[in-house]
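Report on the structure given below.
Treat the numbers as computed from the prediction; the structure is a model and nothing was measured. Numbers restart at 1 for each chain; the letters A, B, ... are given by sequence-line order, proteins then strands.
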There are 2 protein chains.
Amino acid sequence: MDALTIGQLGRATDTKIETIRYYEKIGLLPAPRRTAGNYRSYAAEHLQRLGFIRRTRDLGFTIEQVRELLKLAAHGEKPCEEVDQLVVRHLEVTERKIAALTRLRRELRETLDSCQGGRIAECRVIQALSPPTAARKKRVLGSRT
Amino acid sequence: MDALTIGQLGRATDTKIETIRYYEKIGLLPAPRRTAGNYRSYAAEHLQRLGFIRRTRDLGFTIEQVRELLKLAAHGEKPCEEVDQLVVRHLEVTERKIAALTRLRRELRETLDSCQGGRIAECRVIQALSPPTAARKKRVLGSRT
DNA sequence: TCTTGACCCTGTAGCGACTACAGGGTCCTA
DNA sequence: TAGGACCCTGTAGTCGCTACAGGGTCAAGA
Ligand SMILES: [Zn+2]
Ligand SMILES: [Zn+2]
Ligand SMILES: [Zn+2]
Ligand SMILES: [Zn+2]
């Protein structure tokens, strides 16, 4: 008997109950049948599907990408190119995020290095956080492209 | 004369007009005086302050942190410890994000490496995206902690 | 039998940080 | 006087949940 309540399914997949109901509402997880008392009753397919959803979400795919992956997984006879493409694109996005955050980290470290203690008025950290404005003003008053 | 329209201020700080109005609504940027035709008219302080806001936002600080930094910057006589602490904490958050994304990248690469082309039904990528469910079922049916 | 408490239901509103309209008004130039 | 670029307010949408409020259901214990 593989009938799970929503709470059991949540514990099984490390998912909050509200999240499961949310996935149902947006059509990501199919609505299960109901008991006499109107409780949701999940079967093995739901467990499998929600597991897939959680895993891919944890890997950072968007809901729309998860939807795509689920659709592809259901068409086992097609070549796996599309699947791999999706993963490749997400890998690229992830790499760009890492690069951006790494630049950020460097800037924050440099900012901190500039502080030698003292009063805020003289602190180079605050100065480093203020962008140079002189050059900008000129640009503005000039063209309006 | 340093009176800027909202459009000029936006170009000067690379900020969308809607965002400037949003910052005003949430009390991050003070409301400027108005012209006879009810247009916002910004002065040099606004340019300076919005510049600071954008720079700190670009560095990934939250709006609440920006608020804090602005408050601190206005109290130049205090020691700069609090400022530096804020930056340190944000640096730590940034480092944790980088670590998490790096783990993600490794998982995505490993997943992709497993694919050798073929049909989706046999593709290891899809399998790698499906979590093992057998162990989980047992846990669930057991305790309900 | 009654009550407690754990669980479940629906529906709505909130988060952060914007962004995108809709439906107007103003200003400058030709 | 007309056009177009600019500005105004207000509201709703984005993403992916999360947190209630105000109920109903169910099983075990006194
Ligand atoms: Zn098919
Ligand atoms: Zn300092
Ligand atoms: Zn002070
Ligand atoms: Zn493949």
*What's the spacing between A/Leu59 CG and B/Thr111 OG1 if we round to 0.5 Å?*
6.5 Å

*Quick one: pull up CG in B/Leu9 and CG in B/Leu47 and give me the separation to the nearest 0.5 Å.*
6.0 Å

Nearest-Å distance for atom pair [atom1]/[atom2], residues [X] and [N]:
| X | N | atom1 | atom2 | result |
| --- | --- | --- | --- | --- |
| B/Tyr42 | D/dC6 | OH | C1' | 14 Å |
| A/Ile6 | D/dT18 | CD1 | P | 14 Å |
| A/Ile20 | C/dC9 | CD1 | C1' | 14 Å |
| A/Ile17 | D/dG16 | CD1 | P | 22 Å |
| A/Arg40 | C/dC7 | CZ | P | 17 Å |

*Just checking, is any N or O donor in the side chain of B/Tyr23 or B/Arg54 under 3.5 Å from an acceptor N or O on the other one?*
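Their side chains do contain a donor-acceptor pair, which is all the 3.5 Å distance test asks for.
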
*Within the structure shown, what part of the strands sits under 4.0 Å from A/Ile26 by heavy-atom distance: base, sugar-phosphate, or nothing?*
nothing

*With the sugar-phosphate defined as primed atoms, P, OP1 and OP2, and the base as all remaining atoms, what B/S/- string results for nucleotides 17-30 of chain C, 5' to 3', for protein heavy atoms under 4.0 Å?*
BBBB----BBS---

*asked:* Please check this pair: side chain of A/Glu110 against backbone of A/Glu107, looking for a donor-acceptor N/O pair closer than 3.5 Å.
replied: no

_Taking ring-ring contact (aromatic ring centres under 6.0 Å, His included) as the definition, give me every residue that meets it alongside A/Phe61, ordered by chain and number, with sequence neighbours left out._
A/His90

*Go through the structure and list residues passing side-chain contact (heavy atoms from CB on, under 4.5 Å) with A/Phe52, not counting sequence neighbours.*
A/Thr56, A/Leu69, A/Leu70, B/Ile126, B/Leu129, B/Ser130

